[in-house]
There are 2 protein chains.
Amino acid sequence: MLADTHSRGTVDVKALLHHSPLFEGLDGAVLDEMLSHFRRETWKQGRQVSGQESGQRFHIILSGRLNMAQINPETGRMVTLFLLQPGDGFDVISLLDGRPDPVIFEAQDDLMMLSTPMQEARRWIEEHPAFNRSFLPYLGRQMRILADLAGDLALHDTETRLARLILRHVHQEEPGKPLRLTHNLSHESLAEMIGSVRVVVNRQLQHWQRDGVVVTRRGELIIKELETLLKKAMHLPHHRSHS
Amino acid sequence: MLADTHSRGTVDVKALLHHSPLFEGLDGAVLDEMLSHFRRETWKQGRQVSGQESGQRFHIILSGRLNMAQINPETGRMVTLFLLQPGDGFDVISLLDGRPDPVIFEAQDDLMMLSTPMQEARRWIEEHPAFNRSFLPYLGRQMRILADLAGDLALHDTETRLARLILRHVHQEEPGKPLRLTHNLSHESLAEMIGSVRVVVNRQLQHWQRDGVVVTRRGELIIKELETLLKKAMHLPHHRSHS
DNA sequence: CCGTCTGTGTAACCCTGGTAGCAGAAAAAA
DNA sequence: TTTTTTCTGCTACCAGGGTTACACAGACGG
């Protein structure tokens with residue numbers, strides 16, 4: 001089972017899952033038992049799958065990022081609800097209530113993941129109460145993300161939302177070195193994450209650039225004045241740490 | 001235990017909880033055990049409590065409605081995240097991850113509820129796996145509400161959002177009788193629920209009234225053309241006809 | 001019964017942010 | 001290389017919807 005996955009991928013699955021918010025602190029034996037029911041799955045970057053299609057299996061991301069978004073068919077616009085990362089599982093909502101989710105999953109990068117039938121995943125939850133110790137807090141975090149998003153959309157302008165988004169994705173390369181935005185987030189992606197549109201994001205970034213707050217190059221964003229950004233972002237309820 | 005609550009209130013607590021999405025299908029004995037750790041609590045209409053203050057106890061609503069909202073201190077504007085009703089519990093997010101929620105709870109009506117220390121509620125969840133059979137789907141529903149709200153805010157205009165909101169709260173009094181909006185939802189409340197503002201809601205309702213879609217009187221909204229509302233709720237961000 | 005309060009109707013204003021469109025730069029594919 | 005696609009920068013345009021302000025109605029409280 002795992003020997004196979006080990007030999008193929010570059011990822012140490014068990015180590016990853018032990019640090020995953022979903023499985024951390026779970027007994028190794030139980031984890032093995034779970035893993036034995038998984039199969040590996042890969043999606044190529046850019047692949048889009050509707051909640052309908054993926055609805056019968058529960059997935060856990062091993063590598064790459066996955067965009068869970070809602071779409072307005074009329075305008076073609078999208079909002080990102082979650083940007084899922086290695087260790088995250090989806091679709092949690094379907095897992096909980098058994099109904100398909102009217103969302104689109106889009107592979108932001110090439111994806112490696114594990115998947116198992118929804119029913120199987122639900123069985124564990126019932127049979128392994130220990131799983132709840134990490135699963136329930138994980139659900140809480142996901143709900144918070146949604147609540148914050150909704151609050152932001154209703155209460156704050158695009159400048160504030162963009163500032164907050166960037167701060168949440170600031171990457172500390174080395175102490176003393178310039179702060180940059182985590183790679184591969186296009187203006188388009190940024191826009192979807194704050195419920196806006198590419199042009200507006202670009203406009204705002206240019207403003208900030210003229211004011212010396214940031215510097216943008218293609219596919220790269222360097223924060224020059226963190227303080228200023230923090231002030232612009234400050235306009236909301238409490239913000240959380242970590243990333 | 002229950003005898004006491006029975007004697008005081010007009011509500012049959014056990015019957016209510018049996019139909020509550022949180023406790024339905026739970027063994028009567030277990031339910032009694034749980035209830036023995038609850039104490040009764042009442043809030044008067046209009047009372048506001050922050051997530052900080054209420055954060056140490058988990059509540060279950062017996063009667064009345066409770067508004068869980070986020071607020072922007074700068075502008076004073078609010079968005080309703082959930083309109084909680086009898087059978088609902090709060091704060092579920094804090095229950096899950098143990099952190100206080102940066103939200104405001106506002107009693108829409110006079111409230112009767114049960115409350116218990118968060119720790120106690122968490123203990124049940126651990127000790128009574130059966131509880132999960134209703135609790136997890138409940139969480140799913142709550143997450144869906146948040147996801148829909150966020151999606152709506154980002155992707156649809158106020159007209160669409162208002163139409164959807166109204167349709168979600170249409171009350172079928174009698175077959176053949178006029179459809180009305182469920183009582184006590186002021187324009188202000190409606191606005192908060194769609195992440196907008198009273199003036200805009202009123203403006204929209206007047207438009208619809210002129211077009212014969214609805215009729216409004218003080219504290220009352222009658223739907224004349226359900227079909228039209230359904231169409232507006234469906235999807236149509238931009239159209240330019242009529243004069 | 002009268003003053004006060006809360007909900008509603010309406011108007012003028014105007015600014016954020018979304019639409020449409022194009023052009024150049026970089027990257028990817030051929 | 002050349003071609004094609006993906007990102008980015010920039011402009012002109014304008015409408016949705018938010019802000020403010022005031023008047024009136026019914027409800028409420030004393």
Side-chain angles (χ1 to χ4, degrees), chain A residues 44-46 72 74-79 106-110 152-163 165 181 183-210 214-222 232 235, chain B residues 44-46 72 74-79 106 108-110 152-163 181 183-210 214-222 232 236-242:
Chain A
K44 272 188 254 174
Q45 180 185 49
N72 180 342
E74 306 285 317
T75 64
R77 281 182 54 190
M78 294 176 58
V79 227
E106 183 179 17
Q108 207 83 353
D109 318 291
D110 285 341
D152 270 20
L153 286 167
L155 299 176
H156 298 284
D157 58 12
T158 54
E159 179 174 27
T160 306
R161 303 209 300 273
L162 185 56
L165 175 63
L181 187 67
H183 44 288
N184 289 345
L185 285 179
S186 68
H187 293 186
E188 186 74 45
S189 299
L190 292 174
E192 286 180 7
M193 287 197 251
I194 65 170
S196 179
V197 158
R198 204 209 94 223
V199 197
V200 175
V201 167
N202 185 6
R203 193 187 285 160
Q204 189 61 57
L205 289 177
Q206 297 307 320
H207 280 190
W208 285 344
Q209 180 154 252
R210 274 176 211 119
V214 303
V215 174
T216 76
R217 274 177 272 168
R218 184 188 183 83
E220 192 174 24
L221 181 67
I222 301 174
K232 292 182 189 297
H235 286 295
Chain B
K44 272 189 254 172
Q45 180 184 49
N72 180 341
E74 308 283 319
T75 63
R77 281 182 54 189
M78 295 176 59
V79 225
E106 183 180 16
Q108 207 82 353
D109 317 293
D110 285 339
D152 270 19
L153 286 168
L155 300 175
H156 299 283
D157 58 13
T158 53
E159 180 174 26
T160 306
R161 302 208 301 274
L162 185 56
L181 187 66
H183 44 287
N184 288 345
L185 285 178
S186 68
H187 294 185
E188 186 73 45
S189 299
L190 292 173
E192 286 180 8
M193 287 196 250
I194 64 170
S196 181
V197 158
R198 203 210 95 221
V199 194
V200 175
V201 167
N202 185 5
R203 193 188 285 160
Q204 189 60 56
L205 290 177
Q206 297 307 321
H207 281 191
W208 285 344
Q209 180 153 14
R210 274 177 211 118
V214 303
V215 173
T216 77
R217 274 177 271 166
R218 184 187 181 83
E220 192 174 26
L221 181 67
I222 302 174
K232 292 182 189 298
L236 59 156
H238 51 128
H239 62 319
R240 56 199 63 260
S241 54
H242 92 278

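Naming convention: chains lettered A, B, ... in sequence-line order (proteins, then strands); numbering from 1 in each chain. Computed from heavy atoms alone, side chains included, the values below leave out hydrogens, waters and symmetry copies. The shown structure was predicted, so the numbers you read here are calculated from the model rather than taken from an experiment.
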Between atom [atom1] in [X] and atom [atom2] in [N], what is the gap in whole Å?
| X | N | atom1 | atom2 | value |
| --- | --- | --- | --- | --- |
| B:E159 | D:dG18 | CD | C1' | 17 Å |
| A:N184 | D:dT8 | CG | P | 10 Å |
| A:H187 | D:dG9 | NE2 | C1' | 9 Å |
| A:H207 | D:dC10 | NE2 | C1' | 11 Å |
| A:E74 | C:dT19 | CD | P | 13 Å |
| B:Q204 | D:dG16 | CD | P | 10 Å |
| B:E188 | C:dG9 | CD | P | 14 Å |
| A:N202 | C:dG21 | CG | P | 19 Å |

N or O in side chain of [X] less than 4.0 angstrom from [N] OP1/OP2:
| X | N | result |
| --- | --- | --- |
| A:T216 | D:dT8 | no |
| B:R210 | C:dT10 | yes |
| B:T158 | D:dG17 | yes |

Just to be sure I understand the rule, does A:R217 reach a base, reach only the sugar-phosphate, or reach nothing, if contact means heavy atoms closer than 4.0 Å?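 Touches nothing.
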Nearest nucleotide by nearest heavy atom, which residue falls closer to the 5' end of DNA chain D, A:R218 or A:V199?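 In this pair, the answer is A:R218.
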Got a donor-acceptor pair under 3.5 Å from the side chain of B:R198 to the base of C:dG9?
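Counting by modelled atom types and ignoring angles, a donor-acceptor contact under 3.5 Å is found here.
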Quiz item: A:R203 side-chain donor-acceptor pair to C:dG18 base, under 3.5 Å: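 Yes, the side chain and the base share a sub-3.5 Å donor-acceptor pair.
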Taking C-beta and beyond as the side chain, do [X] and [Y] meet within less than 4.5 Å on heavy atoms?
| X | Y | value |
| --- | --- | --- |
| A:L205 | A:L162 | yes |
| A:N72 | B:H156 | yes |
| B:M78 | B:E106 | yes |
| B:R77 | B:V197 | yes |

Nearest to side-chain heavy atoms of [X], which nucleotide of [options]:
| X | options | value |
| --- | --- | --- |
| A:Q206 | C:dG18, D:dG9, C:dG9 | D:dG9 |
| A:V197 | D:dG18, C:dT8, C:dG18 | C:dG18 |
| A:V200 | C:dG17, D:dG18, C:dG9 | C:dG17 |

Tell me which one of B:L153, B:T158, B:V79, B:D157 satisfies side-chain contact (heavy atoms from CB on, under 4.5 Å) with B:S196.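 That would be B:T158.
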